[in-house]
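Values below: every heavy atom of this structure, side chains too, minus hydrogens, waters and symmetry copies. First the proteins, then the strands, lettered A, B, ... as listed; each starts at 1.
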There are 2 protein chains.
Amino acid sequence: MDAEPKNTGAKVEPWGDITPDAARRLVSAAVHAFAERGYHATTTRDIASRAGMSPAALYIHYKTKEELLYQISKVGHERALTIVERARDSAGTPAERLADAVRSFVRWHAEHHTTARVVQYELGALAEEHHAEVIAVRKATDGAVRSIIEDGVKAGVFDVPDVRGTTVAVLSLCIDVARWFNAAGRSTPDEVGDLYAGLVLRMVGAGGGQR
Amino acid sequence: MDAEPKNTGAKVEPWGDITPDAARRLVSAAVHAFAERGYHATTTRDIASRAGMSPAALYIHYKTKEELLYQISKVGHERALTIVERARDSAGTPAERLADAVRSFVRWHAEHHTTARVVQYELGALAEEHHAEVIAVRKATDGAVRSIIEDGVKAGVFDVPDVRGTTVAVLSLCIDVARWFNAAGRSTPDEVGDLYAGLVLRMVGAGGGQR
DNA sequence: ACGGAGAGTGAGCAAGCGCTTAGGGGTGTC
DNA sequence: GACACCCCTAAGCGCTTGCTCACTCTCCGT
């Protein structure tokens, strides 16, 4: 069986393991184009020219433009799910695990905000079957965060009257980072991750450590 | 001068004061179409047929498809700004004013989630000049929320190490309601508004009243 | 030397796009 | 009854779109 592609580094481009090279360039070009203008406003000619090839070359590697979006969306959602699952399954108190989940989830959305923007905001353009597949991954992500919060409530260290609603709020806060984050802006991904981890701990009544 | 159109009701459709009737129907049709599929995936034929008229009739009332989006975006942003400004300028403690701002801002995004989705997520499709105009309104909204938080910090009732970052987080949380809120879902706009007001008070270290 | 496979191109097709034009009918005024 | 006015439509123009096709390269095993 295949060894897991080693992607232990933090800042690695999320498409390093796609082959052949031309296909990787196409995905990368599509990510940037979709993030800038949106899926529907992006033309296949635009993607191809960003990848340095003719319009027809796109169809050697991908059947349709939608399949490109599907590839991006699927891989991105799975990566996001992996991040929160790792935090959920790690050792530590519920507060530590929740802070870890938020910090790394936010950091990913900030660091890869181009990819994340496509992943989080363009999924409506997917074909119905692909859309359903991606929604299932999102539900799993929601479930992972909720289970951390439930653990904290059961342990008596979180004070959360509405677990379901609070889970939505926490995820919402993290996801929206992809919308507003700007690499040239004031904050680094690490800073936003730390800030948000603290804010979320306060939201669940686990104090920020502050005072 | 014109009297301000009386729109004191809470649940009124946001386009009641547009005349003539056909123009209002066009805006309403465009809002629904843009919210469902996005601006670029919506055709002028689709908008016109939803409004019950021929494609050419659109151009009697609006010069371009983009002008329709501009109208929606501008009015929506102004309405959103008014909501937080009213809370900022009201009497009460900073905590009360912040809770009021979040509650009514969230309630608007939930109640009018169709409009809000277009307002918040389709502004990238605006022409450059219109885009700049709308960005200015967003900056004012950001400033209004920030000034409430600053008041609380100065008064010593909020504990916020990073005012700018926390402002972004609060607004982000509220705005994202437009993305996920579903009228057929579990929660009502009022419930989400109350929940989020409590969460935000915790975020700024003003307690949720809970314990 | 050579055949076949895979990657790539230039040209272009059918469909759909935003938008325009020429004209039709209802309504109010004199 | 003539006229101007507004609202609207049928038809369609010029262009762009996603995608295809016929073909050319380059590389590689025999």
For the pair made of [atom1] in [X] and [atom2] in [N], what is the distance, rounded to whole Å?
X: Arg25(A); N: dA7(C); atom1: CZ; atom2: P; result: 13 Å
X: Tyr62(B); N: dC7(D); atom1: OH; atom2: P; result: 13 Å
X: Ile60(B); N: dG24(C); atom1: CD1; atom2: P; result: 16 Å
X: His61(B); N: dC19(C); atom1: NE2; atom2: C1'; result: 16 Å
X: Tyr39(B); N: dC17(C); atom1: OH; atom2: C1'; result: 12 Å
X: Glu66(A); N: dG18(D); atom1: CD; atom2: C1'; result: 13 Å
X: Lys63(B); N: dC19(C); atom1: NZ; atom2: C1'; result: 14 Å
X: Met53(B); N: dT9(D); atom1: CE; atom2: C1'; result: 11 Å

Check every atom of [options] against the side chain of [X] and return the nucleotide holding the closest atom.
X: Ala56(A); options: dT21(C), dG8(C), dG10(C); answer: dG10(C)
X: Tyr59(B); options: dC19(D), dC19(C), dG10(C); answer: dC19(C)
X: Thr64(A); options: dC19(C), dC19(D), dG10(C); answer: dC19(D)

Please tell me if Thr44(B) has a side-chain N or O lying less than 4.0 Å from either OP1 or OP2 of dG18(C). yes
Answer yes or no: side-chain N or O of Arg45(B) and base N or O of dG16(C) forming a donor-acceptor pair under 3.5 Å. no
So what does Thr43(A) hit on the nucleic acid, given a heavy-atom distance under 4.0 Å: a base, only sugar-phosphate, or nothing? sugar-phosphate
Using 4.0 Å as the upper bound for N to carboxylate O, is an ion pair formed by Asp142(A) and Lys139(A)? no
Using a strict cut-off of less than 4.0 Å between a Lys/Arg side-chain nitrogen and an Asp/Glu carboxylate oxygen, indicate whether Asp46(A) and Arg37(A) qualify as a salt bridge. yes
Flag, side chain of Thr166(B) to backbone of Val160(B), donor-acceptor distance under 3.5 Å: no
Please answer whether the main-chain N or O of Ile175(B) pairs with a side-chain N or O of Gln120(B) as donor and acceptor at a distance below 3.5 Å. no
In this structure, which one of Asp194(A), Asp100(A), Asp190(A) forms a salt bridge (Lys or Arg N to Asp or Glu O under 4.0 Å) with Arg107(A)? Asp190(A)
